[in-house]
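Have a look at the structure below before the remarks.
Here is the naming used below: chain letters follow the sequence lines, and residue numbers restart at 1 for every chain.
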Amino acid sequence: MKQNIDNKQELFTGAEIFVKCLEAEGIDLVFGYPGGAVLHIYDELHKQNSVTHILVRHEQGAVHAAEGFAKSSNKPGVVLVTSGPGATNAITGIADAYMDSVPIVVFTGQVRTALIGNDAFQEVDTVGITRPCVKHNFMITDVKDMANTIKKAFYVASTGRPGPVVVDIPKDITEDKCEFVYPEKVSMRSYNPSVQINDKDIDLAVEKILKAKKPVIYAGGGVINSNASDELTKLAKYLNFPVTNTLMGLGCFPGSDPQFLQMLGMHGSYEANMAMHDCDLLIAVGARFDDRITGRLDKFSPNATVVHIDVDPSSISKNIKAHIPINGDVKDCINKIIKKTMDKKLKPMNLDSWWEQINEWRKKDSFKYIQEKDIIKPQYVVDRLYEITKGDAFITSDVGQHQMWAAQLYKFNKPKRWINSGGLGTMGFGLPSAMGVQFANPDSLVCCITGEASIQMCIQELSTCLQYGLPIKIINLNNRYMGMVRQWQEFFYEKRYAMSYMDALPDFVKLTESYGHVGYKVENPNDVDSAIIEAINKKDKLVFLDFITDPNENVFPMIATGAAHNKMILS
Amino acid sequence: MRHIISVLLENESGALSRVAGLFSARSFNIESLSVAPSEDPSASRMTIVTSGDDNVIEQIVKQLDKLLDVIEVSEITSNEHIEREIAFVKIENKSIDESMMEDLSKNEFLKVHKTKNNEIIIECVDSPKKINDFLRSIDKIAVKIVRSGSVGVNSN
């Protein structure tokens, strides 16, 4: 009898299995916050050294940090929070990751299975609440499913069009025991992310590419997610096609390349939007024709043949009908096009007159601003940051005017350097996401371009930054307004600035100092360079630069909601 | 345009909410929805009757296909298909005379049940269009109408 027991495989608790799964998955960093339902898991995390847990100050911060980590590396971000408020606090981050296709796995504690549905303490229907803003979610109801479910969660989050996956774990499951085997492979009959690319579609696209007289490549975040920046750049350079990027796509084509038309859309450049409007061939790559990109749908690229390359078939022809839909991984699709054009040395049409037209539009210099003597223009700060860092820093941003100026003026030459909240537009994203970026890139310069309104939404993470010694540089463009709200009120509400003035602001320098960091207030345009340089030179310190900027500056160009691309407000 | 979409989905808790949630979140119409076991014990078949132009239907099919619990989606109205629905109509005995009763009994698509409370339940299995016609004909005397929603299958 005894012999028999000895022969049995060792049993582990659900909490032990949880940690073993993370190890097996190669996860070494988890952002989280403890609470009752996850205490068994925290106890196991405490006993080992292979998975490091980063304690944030609010669960939203944990998710944004995981997003920043995932967006600036090739690994999924991982979050661990407790049930009830732990889960609900995480939701903004989860929705953010859903909109921007960020591969993260969020583990939420849950009340014991016997209590589910009982309105127990810190109970919330996490699976129900998160359902509309996840790629998929699971609740583990048997410890025997733990390893398999976690494997599936990482697989689903990271493959196809990436996205957040939530795994809800009731407390009793973390104390129940079973054997541990981490599955090597996972297969789901209802999920197959590897799409077979239709070669006929590629041939049709190539035919159009070689005949186009006024082509534009419109590339989005999907290029970065697919790690296809090199391929896209190679193809565009060979074809001599102009390239514009969405907000999420910045960096997937070198920002300082002469073929780059800058960002397009509501606050995009004149040349990008005019080229989109006038083109005869529009090649959308890993982009989804968001309403901030298209403006008025019936006036969008009226004369163009639309080729749409995307891994997610539901993104194709959702807003704009694709004449040539190509469903597949962006990198594979571009490689196929390269094979059928560049590798065969097939030449596209001469594009001289198209480039002549584009260069004419470029003369508008639509991102221009004038730096005056006595007040700092917010654009100037971004410009100087770009020059001083030679375009090589990781830049996170919050949401609003500062985000647009950062997108317009910081030229990203590499992918995964520009980390922002595009789809959901989450104020508060900048600082916690910068933490994740710094963890993924410990030796690199990470700057968070923010505003005095956004930064206050997750300011508590300054404490996390101190605990883990994260030397982030915060570039606060402080115009005492929710600038983008104020801009819309100026244009569309006859300057009735309802609730957009930030009264009773804290002294950011003292605030930063009280958290144990370094802060400087900068008011004189002449001090901008020296402040940035000094912040960068403080290599091991978080430095908060509070730039007091012109409160009346607006983001131009601007396409009003519902207007066509060729109807831009330039100043 | 009216369309029938047939969905094979995993028998997971929450799978139904994923489909229902998708329709409400993206403002797609649902005329009827029915779900029941399929030939595979681990999967259910759902029949959704919806309406929309071609672009909307294309999106509905793509979005359904994207759900992880969905194994297979097909739009069955664009090919030959059979569609049936079941309806129960409760009628008070006093509102029906003998000749009407006889007509009802003769109709091969109808079955007549009597309840203990002297009510009549008419069971009707037919295409939704025929059911609509029938319901219109007894509109004034129907006390309660219970419909199953359509199920359909391709017949080509």
Side-chain angles (χ1 to χ4, degrees), chain A residues 95 98-99 101 113 116-117 125-142 145 149 152-153 155-157 159-168 186-193 195 288-289 297 308 310-322 325 327, chain B residues 1 3 5-30 33 35-48 50-75 78:
Chain A
Y98 182 64
M99 291 291 270
S101 309
T113 45
I116 289 175
D125 175 10
T126 304
V127 168
I129 287 185
T130 57
R131 192 175 291 129
C133 59
V134 291
K135 185 170 173 187
H136 197 62
N137 58 18
F138 300 93
M139 181 193 273
I140 301 177
T141 51
D142 186 333
D145 298 334
T149 306
K152 277 185 188 170
Y155 171 64
V156 170
T159 50
R161 179 177 177 179
V165 175
V166 167
V167 183
D168 202 27
V186 58
S187 80
M188 297 165 82
R189 62 174 168 176
S190 55
Y191 177 68
N192 180 15
V195 197
R288 60 186 177 87
F289 294 90
L297 283 175
H308 193 170
D310 207 290
V311 72
D312 174 9
S314 72
S315 282
I316 300 175
S317 296
K318 184 173 72 180
N319 301 327
I320 294 291
K321 186 83 187 163
N327 180 211
Chain B
M1 262 289 276
H3 291 261
I5 293 167
S6 182
V7 182
L8 189 68
L9 77 166
E10 297 284 0
N11 256 341
E12 301 268 351
S13 73
L16 176 61
S17 324
R18 283 185 216 282
V19 175
L22 171 70
F23 273 73
S24 64
R26 295 193 181 266
S27 295
F28 299 142
N29 294 317
I30 298 185
L33 184 155
V35 55
S38 69
E39 66 280 3
D40 176 349
S42 65
S44 302
R45 183 157 330 260
M46 182 185 268
T47 310
I48 304 166
T50 181
S51 57
D53 61 28
D54 290 352
N55 290 338
V56 171
I57 301 301
E58 183 182 334
Q59 264 301 304
I60 292 176
V61 170
K62 282 175 169 177
Q63 292 291 348
L64 281 168
D65 210 20
K66 205 161 113 175
L67 292 178
L68 258 77
D69 285 337
V70 169
I71 302 161
E72 196 181 284
V73 188
S74 52
E75 196 286 315
S78 47

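Of the listed residues A:H136, A:K135, A:K318, the one with more heavy-atom pairs under 4.5 angstrom with chain B than any other is A:H136. When the candidates A:N137, A:T141, A:V127 are compared by the number of heavy-atom contacts under 4.5 Å with chain B, A:N137 comes out ahead. Among B:G14, B:S17, B:G21, the residue making the largest number of heavy-atom pairs under 4.5 Å with chain A is B:S17. Chain A forms more heavy-atom pairs under 4.5 Å with one residue of B:I71, B:L68, B:N55, B:D69 than with any other, namely B:L68. Each of B:E10, B:R18, B:E72 has some count of heavy-atom pairs under 4.5 Å with chain A, and the biggest count is that of B:R18. In terms of heavy-atom pairs under 4.5 angstrom with chain A, the leader among B:D40, B:L22, B:L8 is B:D40.
For A:N192, no part lies under 4.5 angstrom from a heavy atom of chain B. For a residue to count as touching a neighbouring chain, one of its non-hydrogen atoms must lie under 4.5 Å from one of that chain's; by this rule B:L67 touches chain A with the backbone only.
Within the 4.5 Å cutoff, side-chain heavy atoms of B:S6 are placed close to those of B:S74.
Side-chain contact of A:R189 with B:S42: a donor-acceptor pair under 3.5 Å is present, judged by distance alone. Judged by distance alone, the side chains of A:D312 and A:S314 do bring a donor and an acceptor atom under 3.5 Å apart.
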Next on the checklist: Determine whether B:E58 and A:K321 satisfy the following criterion, salt bridge (charged side-chain N to carboxylate O under 4.0 Å, His left out), listing intermediate values before the conclusion.
Outcome noted: CA-CA 11 Å; B:E58 183 182 334; A:K321 186 83 187 163; 3.3 Å; yes

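Side chain of B:N11 to backbone of B:P41: a donor-acceptor contact under 3.5 angstrom is found. At least one donor-acceptor pair closer than 3.5 Å links the side chain of A:D125 to the backbone N or O of A:G128.
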